[in-house]
Amino acid sequence: MTDSVGVSLLGAGNVGAAVLSALIKDTERNNQLVGTKLELRYVLVRDIKKHDKKFKDVNFTKNFNDVLNDEHTSIIVELMGGQVPAKEYIASLLKKGKHVVTANKDVMAQSGSELTDLAVKHGASIRYEASVGGGIPIIGPLSRDLLANEIFSISGIINGTTNYMLSLMFQEKMSYQNALLKAQQSGYAEPDPYNDVQGIDAAYKLAILCGLAFHVDVDPGSIFCQGISSIELKDLNYADELGYVIKLLARAELIDNKITCIVCPTLISKQEPLSKVDGVLNAIQLQGNLVGQVIFEGPGAGASATSSAILGDVIDAAKNIKYSFSNLNNAQLNKIEVSNSENFISRYYLRLNVVDESGVLAAISGIMSEHQISIASVIQTEADQESQTAQLVLITHEANRGKIDSAINSIKKEKKVDSVVNLLPIID
Ligand code: NAP
Ligand code: HSE
């Protein structure tokens, strides 16, 4: 039996500080759960002065080698974020047979298989529950409890920052910039929030989920990705009027042995469970051949919720050190082609600014018809006195994304169209 298990942290920022506090506060409870003592060893940071007043007895270091070469550290929790130097540090630790827990979706989406293989080769392990959905258990269920299922589809609100922002923009009429600032102040956003608002963070998480659900590597760079920066209160209000809410939705569907992946703001019918997921909450809906539909919902970002997932992984890793080793193995069972988003079929919401002249509607519906796209409904506002443009909102029947994109290209060339503001898919 092991006398103690040494734990070191890389990073003590938003999430790292919450993990550190919980490790210190809940020592007795964690020791009982593990069946041995969890001993806090080193905490790697860039600037020790920022941290050592709050955590007086903690051994902070700026030197990664202190962690790497510490014989008593068995579990390392990586909470620095970003690719560099996080990936290289994780790889070095795994090569030494250390067990890694990480919340880093950038690294796991791009190098998850490589790092898992490295872990297996060196008798180590890598756990990453906190990398998707913050505090929601989803990596564990996909890796174990749902493993017998053939998964057909994943639909998820998997970025807390953008969901929180869209909720504030609609419910409190807050500006985009103020909503982003509030998300940053609440500790939800990434250190550089570009990845959040552009949908890249959600694409990373979708790639991780696809790896586990479909047993394939999906390159996150190949996922069609549209962020929320073009969404205005007008869009949220039009959607509301039509019976929908707008959410940044990540979707992957398995059709004819091809996966279509897409991340974009989407109109979701108010009847759908995902439409009710507001604020920092995330939700992931899966369809499996045996289980049918399951939905996992909970806080998708925030230090405390995320620390729940991380500490669960730490305790599990420590128990495994005591009893045996296990990996969340990202087994590559399938050869599935990742299909182009051109094949993505949906109803669409299209908002345009048009010149207030006769024949505009006829010109646009002519273009739509040339591309075999059928219009289901139209809203047109009175022209704005100053700009002399009117808002035109079109709802289409189901259409293929490739056809919609080529129709939009033609619409953009139409003189009577001032601008194409938003094109968003709809879920009824
Ligand atoms: P953060 O507040 O920016 O903290 C990063 C920490 O890492 C800081 O303590 C920083 O040190 C340290 N660090 C960064 N680069 C370093 C380097 N090169 N050498 C040494 N230390 C370094 O980030 P966070 O919000 O806690 O996020 C951490 C990770 O959790 C990210 O992968 C993020 O995607 C993931 N995550 C976050 C959330 C959330 O709600 N925030 C939820 C799920 C997952 P200093 O403090 O000295 O600068
Ligand atoms: N920035 C991320 C989000 C943190 O807002 O969802 C959780 O992964």
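In listed order, ligands and their atoms are each counted from 1.
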*Using a 4.0 Å heavy-atom cut-off, say whether E190 meets ligand 1 through its side chain, its backbone, both or neither.*
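Looking at E190 and ligand 1, just side chain atoms fall under 4.0 Å.
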For residues 83-92, which side-chain N or O atoms pair as donor and acceptor with protein atoms under 3.5 Å away, sequence neighbours left out?
unit_1: Q83; atom_1: NE2; unit_2: D106; atom_2: O; d: 3.0
unit_1: K87; atom_1: NZ; unit_2: E114; atom_2: OE1; d: 3.2
unit_1: K87; atom_1: NZ; unit_2: E114; atom_2: OE2; d: 3.1
unit_1: S92; atom_1: OG; unit_2: E88; atom_2: O; d: 2.8

*Hey, are D217 and S113 close enough side-chain-wise for a donor-acceptor pair under 3.5 Å?*
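Side-chain D/A pair, S113 to D217: present.
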*S230 and N422: side-chain donor and acceptor closer than 3.5 Å?*
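Present: a donor and an acceptor within the cut-off.
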*How far is atom 8 (C) of ligand 1 from its nearest protein heavy atom, and which residue and atom is that?*
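Going atom by atom, the protein heavy atom closest to atom 8 (C) of ligand 1 ends up being G13 N, 3.7 Å.
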*Check whether any N or O atom of V15, backbone or side chain, sits under 3.5 Å from an N or O atom of ligand 1, and answer yes or no.*
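Yes.
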_Suppose the criterion is ring pair (Phe, Tyr, Trp, His ring centres under 6.0 Å): which pairs have a residue in residues 163-185, not counting sequence neighbours?_
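For residues 163-185, and leaving out neighbouring residues, the ring pair (Phe, Tyr, Trp, His ring centres under 6.0 Å) pairs sorted by first residue read Y164-Y188.
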*Heavy-atom contacts with P85 under 4.0 Å: which atoms of ligand 1 show up? List them by number with element.*
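The atoms of ligand 1 under 4.0 Å from a heavy atom of P85 are 18 (N).
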*asked:* Between ligand 1 and H51, can you find any atom pair, the residue atom being a heavy atom, that is separated by under 4.0 Å?
replied: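 Within the 4.0 Å threshold, so yes.
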One line per pair, note the atom names and distance for all nitrogen or oxygen contacts under 3.5 Å between ligand 2 and the protein.
unit_1: ligand 2; atom_1: 1 (N); unit_2: Y188; atom_2: O; d: 2.8
unit_1: ligand 2; atom_1: 1 (N); unit_2: E190; atom_2: OE2; d: 2.7
unit_1: ligand 2; atom_1: 1 (N); unit_2: D196; atom_2: OD1; d: 2.8
unit_1: ligand 2; atom_1: 5 (O); unit_2: G160; atom_2: N; d: 3.3
unit_1: ligand 2; atom_1: 5 (O); unit_2: T161; atom_2: N; d: 2.8
unit_1: ligand 2; atom_1: 5 (O); unit_2: T161; atom_2: OG1; d: 2.6
unit_1: ligand 2; atom_1: 5 (O); unit_2: Y188; atom_2: O; d: 3.1
unit_1: ligand 2; atom_1: 6 (O); unit_2: N159; atom_2: ND2; d: 3.4
unit_1: ligand 2; atom_1: 6 (O); unit_2: G160; atom_2: N; d: 2.7
unit_1: ligand 2; atom_1: 6 (O); unit_2: K205; atom_2: NZ; d: 3.0
unit_1: ligand 2; atom_1: 8 (O); unit_2: K105; atom_2: NZ; d: 2.5
unit_1: ligand 2; atom_1: 8 (O); unit_2: K205; atom_2: NZ; d: 2.8

*More than 12 non-hydrogen atoms from neighbouring residues, nucleotides or ligands closer than 6.0 Å to CG on D57, yes or no?*
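No, the 6.0 Å shell around CG holds no more than 12 heavy atoms from other groups.
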*Under the ring pair (Phe, Tyr, Trp, His ring centres under 6.0 Å) rule, collect the residues that match up with F60, sequence neighbours excluded.*
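Result, ring pair (Phe, Tyr, Trp, His ring centres under 6.0 Å) vs F60: H51.
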